[in-house]
Amino acid sequence: MAAEREPPPLGDVKPTDFEELEDGEDLFTSTVSTLESSPSSPEPASLPAEDISANSNGSKPVEVMLDDDREDLFAEATEEVSLDSPEREPIVSSEPSPAVTPVTPTALIAPRIESKSISAPVIFDRSREEIEEEANGDIFDIEIGVSDPEKVGDGMNAYMAYRVTTKTSLSMFSKSEFSVKRRFSDFLGLHSKLASKYLHVGYIVPPAPEKSIVGMTKVKVGKEDSSSTEFVEKRRAALERYLQRTVKHPTLLQDPDLRQFLESSELPRAVNTQALSGAGILRMVNKAADAVNKMTIKMNESDAWFEEKQQQFENLDQQLRKLHASVEALVCHRKELSANTAAFAKSAAMLGNSEDHTALSRALSQLAEVEEKIDQLHQEQAFADFYMFSELLSDYIRLIAAVKGVFDHRMKCWQKWEDAQITLLKKRETEAKMMVANKPDKIQQAKNEIREEIEEWEAKVQQGERDFEQISKTIRKEVGRFEKERVKDFKSVIIKYLESLVQTQQQLIKYWEAFLPEAKAIA
Amino acid sequence: MTKEEFTKMKQELEAEYLAIFKKTVAMHEVFLCRVAAHPILRKDLNFHVFLEYNQDLSVRGKNKKEKLEDFFKNMVKSADGVIVSGVKDVDDFFEHERTFLLEYHNRVKDASAKSDRMTRSHKSAADDYNRIGSSLYALGTQDSTDICKFFLKVSELFDKTRKIEARVSADEDLKLSDLLKYYLRESQAAKDLLYRRSRALVDYENANKALDKARAKNKDVLQAETSQQLCCQKFERISESAKQELIDFKTRRVAAFRKNLVELAELELKHAKGNLQLLQNCLAVLNGDT
């Protein structure tokens, strides 16, 4: 379909157009006229009008080539390297290197290395920008890391601050490497800003990690036990994945809010994200209203593609949930296995001590040592199970919820269009009635009024139709991109997970091979 | 249930049955070999009948009365054991053995329990693999993108891995847990032997005292003498055989541990290598595809 080949809105190529764009929340409720009236920051928002008009002049020849390249780039990771300029090679080769490092439970940073290598697929997505930049000689990449969780403050007002480090060579950022301190509510604030701007236009905005009252309270209270450190590590990894997913999206990457989040050292506190604030309660009310609306809207689906896709996503959601439950059970059992192995190791050591035959006693203590090492191995494997497999699944379950949300927005958009059409019809009927009634004295004024109203509603209907088409087009593109991302993500993570299993088996072999001669030596 | 699920379940049940069968067979074998190796027990008529009679033995289980008798006997024995254990032994060997056995028994009990728990969690982890495999299979068959082949391959891998993991857990159970359980009971039996000897010793000492009293009073001396002599003989006989038995116990224990630990290590190695091979093959195929 022709719409699919249209690239996402261009970045910094057309400075003149930015004046016409509006940086507001109500992008679509306002009519076209208000767009021209307010100048604002250079936000390349996903305005349909701008898209079609701006992109149609400008870099048309480049775009044609870009489209081809984009399709190719998404298909094969290996092919990507050959298409690129030689400058890109070192980045590609260095990124995947920290991939297969075993996760050690002591160094909590270790799982971060695993998730950092997920950033390797990040490079493949910035196709368009990158090829544009190639013309300018820039190397395009952006790497985000979230690290160093620190507790700030005391008591119930304490919070964890995370360091967000960005390494990039994009020209839209002022520096090539910078880091800022952010807290969890800042991330939530960023997400709510992006969602309010892009969700109802049809873009799939990655969801932020969830709040957890229990976890945070433990941290605040200052319990320095393993469960609170685990909680912080889990959150840190989730925040990193969230940011990486967000910057992977070419449209979201251009957003100034995102840039402000990554760059500016002081960020206004996002109070609206608190559950008990006014905005929080408003959110809950809205959610309830939405749920009711969803049940009452009956949409005439003219496009079978949408129905099919919705069904697919439903199925996928169910399957992923089931798989996630099984993987969580595996993590739990593996942790249990690790604990039991440790207990057994101690018991075997004691048994070895009380055994008075020297060779047997030595063998038993060796057995105890082997089992202790195996217990460490199981613990590491449990970490890998969790951080790679289980978290991937839960991320995708939330992403699919966001996708469903986008479909719902499309339905709402259609509803608005329908309503506009119905109102227009009513107004026309009223006009027709007035024409027939023929009361000359007050008729002229009323006729003018109704004429105005009809014109207003005609415009609204047209706008509604345009909005609906745009959102449908955007959704198609987004879903295509999402599917490609999903395939890539799953493949790379599962392969890494299997590699971790391979490592575990190799270690097991080493340990048992060392023990065997000891056992044979019992005389 | 679909046909695949049915065949899978059937395979699972067969594997479990096989594992339990192997376990029971091994236990019986150890028991019979032990009896056969013992110089005195091997001559027992019951044992010969057991080995040779080629028709159904029709062994009757204990009925309620006998079970109750056993229960009371046990209670009396443990009460008596407490009294008797207070007596200090003349023989160093037996004193040492007693302390050793007490400690060893407790530790073996602990190790046996922990080993059981370990093999059980190993088994539940293997079961999880099974569920993950089926979920991946469902994902693979429903998905429309090219990832479906990928999922199907990984699901297959999980199925095979699971079989290996289940076997690992079964083997650990067989070689380690069963060994420890057996020696738990053996050390209990050895403790019982020591108790019987101490009982004989106490009887002997009592008989001595009775004899002295009789000699002092000059009444029933002959009777006291004969009973004392009987006790003495009994005690000496039991001491002798107990010594032999305990030394045998040690040798047997060392040999059994050696055999089982070596077999455990070999089996773990075999399974880990098999697992590794499986995983590496699968990875090669997956990497080749993508």
Side-chain angles (χ1 to χ4, degrees), chain A residues 76-77 312 315-316 319-320 322-323 325-327 329-330 332-334 336-341 343-348 350-351 353-357 359-360 363-364 367 370-371 483-484 486-487 490-492 494-495 498-499 501-502 505-506 508-509 511-513 515-516 518-520 522-523, chain B residues 96 100 103-104 106-108 110-115 117-122 124-125 127-132 134-136 138-139 142-147 150-151 154 157 161 176 180 250 253-255 257-258 261-262 264-266 268-269 271-273 275-276 279-280 282-283 286-287 290:
Chain A
E76 284 298 304
Q312 263 180 22
N315 287 346
L316 188 61
Q319 296 300 332
L320 284 182
K322 239 190 0 197
L323 185 58
S326 313
V327 175
L330 177 65
C332 178
H333 285 139
R334 244 212 254 274
E336 220 180 81
L337 176 61
S338 154
N340 286 343
T341 313
F344 175 71
K346 279 198 211 108
S347 180
M350 298 248 294
L351 188 63
N353 278 344
S354 68
E355 173 64 61
D356 57 356
H357 186 264
L360 182 55
L364 281 173
L367 180 69
V370 165
E371 293 287 345
E483 294 276 284
K484 289 201 183 99
R486 176 168 75 92
V487 169
F490 267 84
K491 279 192 185 168
S492 73
I494 289 188
I495 287 185
L498 292 181
E499 282 172 356
L501 286 177
V502 164
Q505 293 303 319
Q506 282 172 335
L508 265 178
I509 289 179
Y511 293 150
W512 285 108
E513 271 179 351
F515 175 70
L516 190 57
E518 279 293 334
K520 287 197 173 145
I522 304 174
Chain B
H96 166 77
F100 165 73
E103 196 187 348
Y104 190 77
N106 287 337
R107 297 220 174 138
V108 165
D110 187 45
S112 169
K114 301 263 166 65
S115 166
R117 270 211 287 263
M118 184 169 83
T119 44
R120 258 204 304 264
S121 21
H122 219 135
S124 19
D127 284 340
D128 283 331
Y129 272 24
N130 201 15
R131 267 179 294 220
I132 294 180
S134 352
S135 300
L136 280 172
L139 262 175
Q142 287 199 3
D143 210 312
S144 54
T145 59
D146 61 335
I147 203 175
F150 188 86
F151 277 145
V154 178
L157 167 74
T161 305
L176 198 54
L180 291 171
K250 180 159 165 167
R253 186 175 73 233
V254 170
F257 266 80
R258 180 183 192 283
L261 285 178
V262 166
L264 174 73
E266 283 173 350
E268 292 264 1
L269 264 176
H271 291 314
K273 284 191 181 142
N275 224 344
L276 181 66
L279 284 166
Q280 279 174 333
C282 184
L283 266 175
L286 290 176
N287 278 329
T290 54

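The chains referred to below are lettered A, B, ... by the order of the sequence lines, with proteins before strands, and numbering in each begins at 1. Basis for what follows: all heavy atoms, side chains included, without hydrogens, waters or symmetry-related copies. Not measured: the values here are computed from a predicted model.
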**Prompt:** Between A/Lys346, A/Glu518, A/Gln506, which has the largest tally of heavy atom pairs under 4.5 Å with chain B?
**Reply:** A/Gln506
**chain B contact via A/Glu355 - which portion, at a heavy-atom distance below 4.5 Å** = both
**Message:** Nearest 0.5 Å, please: how far is CG in A/Leu501 from OH in B/Tyr129?
**Reply:** 5.0 Å
**Complete:** Counting heavy-atom pairs under 4.5 angstrom with chain A, the leader among B/Ala255, B/Ser124, B/Cys282 is B/Ser124
**Message:** One pair to check against side chain to side chain contact (heavy atoms under 4.5 Å, CB included): A/Ile494 and B/Phe151. What are the steps and the verdict?
**Reply:** CA-CA 9 Å; A/Ile494 289 188; B/Phe151 277 145; 3.9 Å; yes
**Prompt:** Looking at B/Ser121 and A/Leu337, what are the two nearest heavy atoms and their distance?
**Reply:** OG-CA, 3.7 Å
**Prompt:** Is the shortest heavy-atom distance from the side chain of B/Glu266 to the side chain of A/Lys520 under 4.5 Å?
**Reply:** yes
**Request:** Just give me the residue among A/Ala348, A/Ala343, A/Ser354, A/Ala339 that pairs up with chain B most often, heavy atom to heavy atom, under 4.5 Å.
**Result:** A/Ser354
**Fill in**
If you tally heavy-atom pairs under 4.5 Å between each of B/Leu264, B/Val262, B/Asp127 and chain A, the highest tally belongs to B/Val262
**Item:** Gap separating the CG atom of B/Asn287 from the CD1 atom of A/Ile495, nearest 0.5 angstrom
**Value:** 4.0 Å
**Prompt:** Ignoring hydrogens and geometry, is there a side-chain-to-backbone donor-acceptor pair from A/Arg334 to B/Ala125 under 3.5 Å?
**Reply:** no
**Prompt:** Taking the side chain as C-beta and beyond, is there a heavy-atom pair between B/Asp110 and A/Ser347 under 4.5 Å?
**Reply:** yes
**Complete:** Of B/Lys114, B/His271, B/Arg107, the largest count of non-hydrogen pairs under 4.5 angstrom with chain A goes to B/Arg107
**Prompt:** Which is it for B/Val154 and A/Phe490 under the side chain to side chain contact (heavy atoms under 4.5 Å, CB included) test, yes or no, and what are the steps along the way?
**Reply:** CA-CA 11 Å; B/Val154 178; A/Phe490 267 84; over 6 Å; no
**chain B contact via A/Leu360 - which portion, at a heavy-atom distance below 4.5 Å** = side chain
**Message:** Counting only non-hydrogen atoms closer than 4.5 Å, does A/Glu336 touch chain B with its backbone (N, CA, C, O), its side chain (CB onward), both, or neither?
**Reply:** both
**Prompt:** What is the minimum heavy-atom distance between B/Val108 and A/Leu351, and which atoms define it?
**Reply:** CG2-CD1, 3.4 Å
**Message:** Using 0.5 Å steps for rounding, measure from the CG atom of B/Asn275 to the CD atom of A/Gln505.
**Reply:** 4.0 Å
**Message:** Are B/Leu180 and A/Phe344 packed together at the side-chain level, in the sense that at least one heavy-atom pair is separated by less than 4.5 angstrom?
**Reply:** yes
**Message:** So, taking the atom named CG in B/Asn106 and the one named CE in A/Met350, what distance separates them when rounded to the nearest 0.5 Å?
**Reply:** 9.0 Å
**Request:** Heavy atoms only, distances under 4.5 angstrom: which of B/Arg120, B/Arg117, B/Glu268, B/Lys273 has the most pairs with chain A? Name it, please.
**Result:** B/Glu268
**Item:** Region of B/Phe100 that comes under 4.5 Å of a non-hydrogen atom in chain A
**Value:** side chain
**Request:** Measure the CG-OG1 distance between A/Asn340 and B/Thr119 for me, rounded to the nearest 0.5 Å.
**Result:** 9.0 Å
**Asked** What option among A/Leu323, A/Val327, A/Asn353 has the most heavy-atom pairs under 4.5 Å with chain B?
**Response** A/Leu323
**Pairwise side-chain contact, A/Phe515 with B/Leu269, heavy-atom cut-off 4.5 Å (strictly under)** = no
**Message:** Is B/Ile132 in contact with chain A via its backbone, its side chain, both, or neither, using a 4.5 Å heavy-atom distance?
**Reply:** both
**Message:** Check this for me, if you would: do B/Arg253 and A/Asp356 make a salt bridge, where the nitrogen-to-carboxylate-oxygen distance has to be below 4.0 angstrom?
**Reply:** yes
**Asked** Do A/Leu508 and B/Leu276 come close enough that some side-chain heavy atom pair is under 4.5 Å?
**Response** no
